[in-house]
Number of protein chains: 2
Amino acid sequence: METATAAQRRVTRPRADALRNRERIVTAAREMFVQQGSEAPLDEIARRAGVGNATVYRHFADRGELVHHVVLYVTDRVTELAARAIEAADAESGSPFEALRGFVHAAVDERIGALCPILSEAVDPYHPDLRAARIRLEDAVEGLMARARAAGQLRTDIAVGDLMVALSQLTRPLPGAGCLVDFDQFVHRHLQLFLDGLTAPARSELPGHAATLEELRRDHDERGQRRARRSEEGLGQK
Amino acid sequence: METATAAQRRVTRPRADALRNRERIVTAAREMFVQQGSEAPLDEIARRAGVGNATVYRHFADRGELVHHVVLYVTDRVTELAARAIEAADAESGSPFEALRGFVHAAVDERIGALCPILSEAVDPYHPDLRAARIRLEDAVEGLMARARAAGQLRTDIAVGDLMVALSQLTRPLPGAGCLVDFDQFVHRHLQLFLDGLTAPARSELPGHAATLEELRRDHDERGQRRARRSEEGLGQK
DNA sequence: GGTTAAACGGGGAGCCGATCCCCGCTTATT
DNA sequence: AATAAGCGGGGATCGGCTCCCCGTTTAACC
């Protein structure tokens, strides 16, 4: 009667409070990473999560593993937001660009800025889980932008990368912790201004070229390969 | 014959290479502060400046003094840029908004992002030199914006603080050093988009309220006073 | 060109703070 | 109530940043 379920649960059953703590740690880390980058002290993350530092190390072997899970968590949640925005855009009365606006503001509240480590070397971009999650996110956002573009509401000389990077930029708090109490309000103001700059027709000509995520990834891969090569050499001569 | 000049020079005469090194240190620190914040390792700054670490400590008693001078240096240079832009705006054939555009892009190249410490606690906002320099900068930028606004080219629901903070935000490189080789190009793209969002007529309604620098300063003062009170108490009970 | 002293560079001691482990206690589960 | 998984705080360890010391270089002035 209970054998199968019990056995299953025996394997994958963390205690309820363990799950709660794990989630708390991830969300606390998300805030810290946005504010201080992925080098934020783990003890401080533990403090913010309201748990002992040992609990952090019990759940995540090292910093890299924590960063990994935070990125995964945020990516998934933002992807979900993008999917919802697409639904809104496809609705009868929906305006694709307004859906895009809504997505952007919501993504900020989900701390999309915590994804910066993806672009740095703090995380392994080749990990299958991360890669898959990232592609899902790109596809969703691209879909949203495509709808706005097709509706003639989004300028045509920008790509997913432009939006994502600018979002990350505008979202990050200024160094020096809580320098402004209502910083969030500021962020949303600036996002709104930025979005106004994205609407069609374009009001100016852009320098550089549209940044697709292909390119960001290419930079990635090159760096990843360099790193792989380096560590190989390291092993070789050792 | 030489007494006066020699005596004068005796007092204010650093060696030529000392001056050169000092300048090198300041500009290297400027880069580092933009990239890593004002906590960047001084040894690394020395390395980038191409001098020994002792030279840094010889010129600047501590980190705070270095930060102070960097902020002053950048503020002055950006103020100069704003003044030039105003000249351009006032010229016969000048377009105030185009002058503003030019100023923004130039300010980025002058590493205006290095001014972030002003908004954090890394620097004493009450220092007369800094305060004066900041006010000069505000006035210049305000003058530039006023011209663009008067020409009907700049939306009326934004203020100096909006521009300055957003500029600092968009300018800062993503954490993880040289993640993108042509990051500068990216920055200028995003600035251009942001500027397009600033042009009149406004395409959307902004949340929050126009951020004048009054407000930023007010936040400042409150924090500064809190800090002063704290240290006073500290002295008192000691 | 020689002399002088300011300025420089590298090496190393001291120190602060982050990481991670250990052990007695708490608490969810049954 | 029994049991063991999970927790929290304290402390050893270690790495990196800061700052000083001293032999050497180099600009400044005769």
Side-chain angles (χ1 to χ4, degrees), chain A residues 1-26 28-29 32-33 35-70 117 122 175 177, chain B residues 1-26 28-29 32-33 35-70 117 122 175 177:
Chain A
M1 192 142 299
E2 71 195 319
T3 51
T5 55
Q8 256 186 341
R9 277 206 275 178
R10 184 69 41 92
V11 179
T12 61
R13 166 228 57 209
R15 254 166 55 171
D17 55 344
L19 277 180
R20 199 177 52 238
N21 281 335
R22 193 185 169 90
E23 174 107 1
R24 276 185 177 181
I25 292 168
V26 169
M32 292 289 291
F33 289 167
Q35 287 180 13
Q36 308 198 12
S38 55
E39 299 298 305
L42 297 189
D43 277 26
E44 179 71 12
I45 292 175
R47 205 186 55 76
R48 284 222 199 175
V51 303
N53 56 6
T55 303
V56 175
Y57 293 100
R58 194 172 300 116
H59 282 286
F60 306 97
D62 56 12
R63 174 181 297 279
E65 206 173 307
L66 177 58
V67 173
H68 177 95
H69 280 94
V70 170
Chain B
M1 192 145 302
E2 71 198 322
T3 51
T5 54
Q8 256 188 340
R9 278 207 274 179
R10 182 71 39 91
V11 180
T12 60
R13 166 229 54 208
R15 255 166 54 171
D17 55 343
L19 278 181
R20 198 177 54 239
N21 280 335
R22 194 184 168 90
E23 172 108 4
R24 275 185 177 181
I25 291 168
V26 170
M32 291 289 291
F33 289 166
Q35 288 180 12
Q36 308 198 14
S38 56
E39 300 297 304
L42 296 188
D43 276 27
E44 179 70 12
I45 292 175
R47 206 186 55 76
R48 283 221 200 176
V51 303
N53 55 7
T55 302
V56 175
Y57 292 100
R58 194 172 300 115
H59 282 283
F60 305 98
D62 57 11
R63 173 181 300 278
E65 207 174 307
L66 177 57
V67 173
H68 177 96
H69 280 93
V70 169

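No experiment lies behind these values; they were computed from the predicted model shown. In the text below, chain A, chain B and the rest are named by the order of the sequence lines, each starting its count at 1.
Taking 4.0 angstrom as the limit, B:N21 places none of its side-chain polar atoms (N or O) nearer than this to OP1 or OP2 of C:dA7. The shortest distance between the side-chain N/O atoms of B:N53 and the OP1/OP2 oxygens of C:dG10 is not below 4.0 Å. For A:H59 and D:dC7, the shortest distance from a side-chain N or O to OP1 or OP2 is below 4.0 Å.
Non-hydrogen atoms lying under 4.0 Å from DNA chain C are contributed by nothing in residues 44-51 of chain A.
Using a 4.0 Å cut-off between charged nitrogen and carboxylate oxygen, A:R20 and A:E23 do not count as a salt-bridge pair.
A donor and an acceptor atom never sit less than 3.5 Å apart when one is taken from the side chain of B:R15 and the other from the base of D:dA28.
Taking atom CD of residue A:E39 and atom P of nucleotide C:dG17, one finds them 17 Å apart after rounding to whole Å. As rounded to whole Å, 13 Å separates atom C1' of C:dA18 from atom CD of A:Q36. Here D:dC29 presents its P atom at 13 Å from CG of B:D17, a figure rounded to the nearest Å.
When distances run from any side-chain atom of B:A16 to the nucleotides C:dC8, D:dC7, D:dA27, the shortest one goes to D:dA27.
Side-chain contact between A:S38 and A:M32 is absent, with no heavy-atom pair separated by less than 4.5 Å. You'll find the side chain of B:F60 reaches within 4.5 Å of the side chain of B:I25, heavy atoms only.
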(message) Checking A:L66 against A:F33 for the side-chain contact (heavy atoms from CB on, under 4.5 Å) test, could you report, in this order, the C-alpha distance in whole Å, the side-chain angles of both residues, the deciding distance, and whether it holds?
(response) CA-CA 11 Å; A:L66 177 58; A:F33 289 167; 4.3 Å; yes
(request) Test A:H69 against A:R22 for side-chain contact (heavy atoms from CB on, under 4.5 Å), laying out the working first. (result) CA-CA 10 Å; A:H69 280 94; A:R22 193 185 169 90; 3.4 Å; yes
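Where B:A61 and B:R58 meet DNA chain D, the nucleotide closest to each residue was compared, and B:A61 sits on the side nearer the 5' end. A residue-by-residue look at B:A40 and B:A54 shows that B:A40 has its nearest nucleotide of DNA chain D further toward the 5' end. Between A:Y57 and A:R20, the residue anchored closer to the 5' end of DNA chain C is A:Y57, taking for each the nucleotide with the nearest heavy atom.
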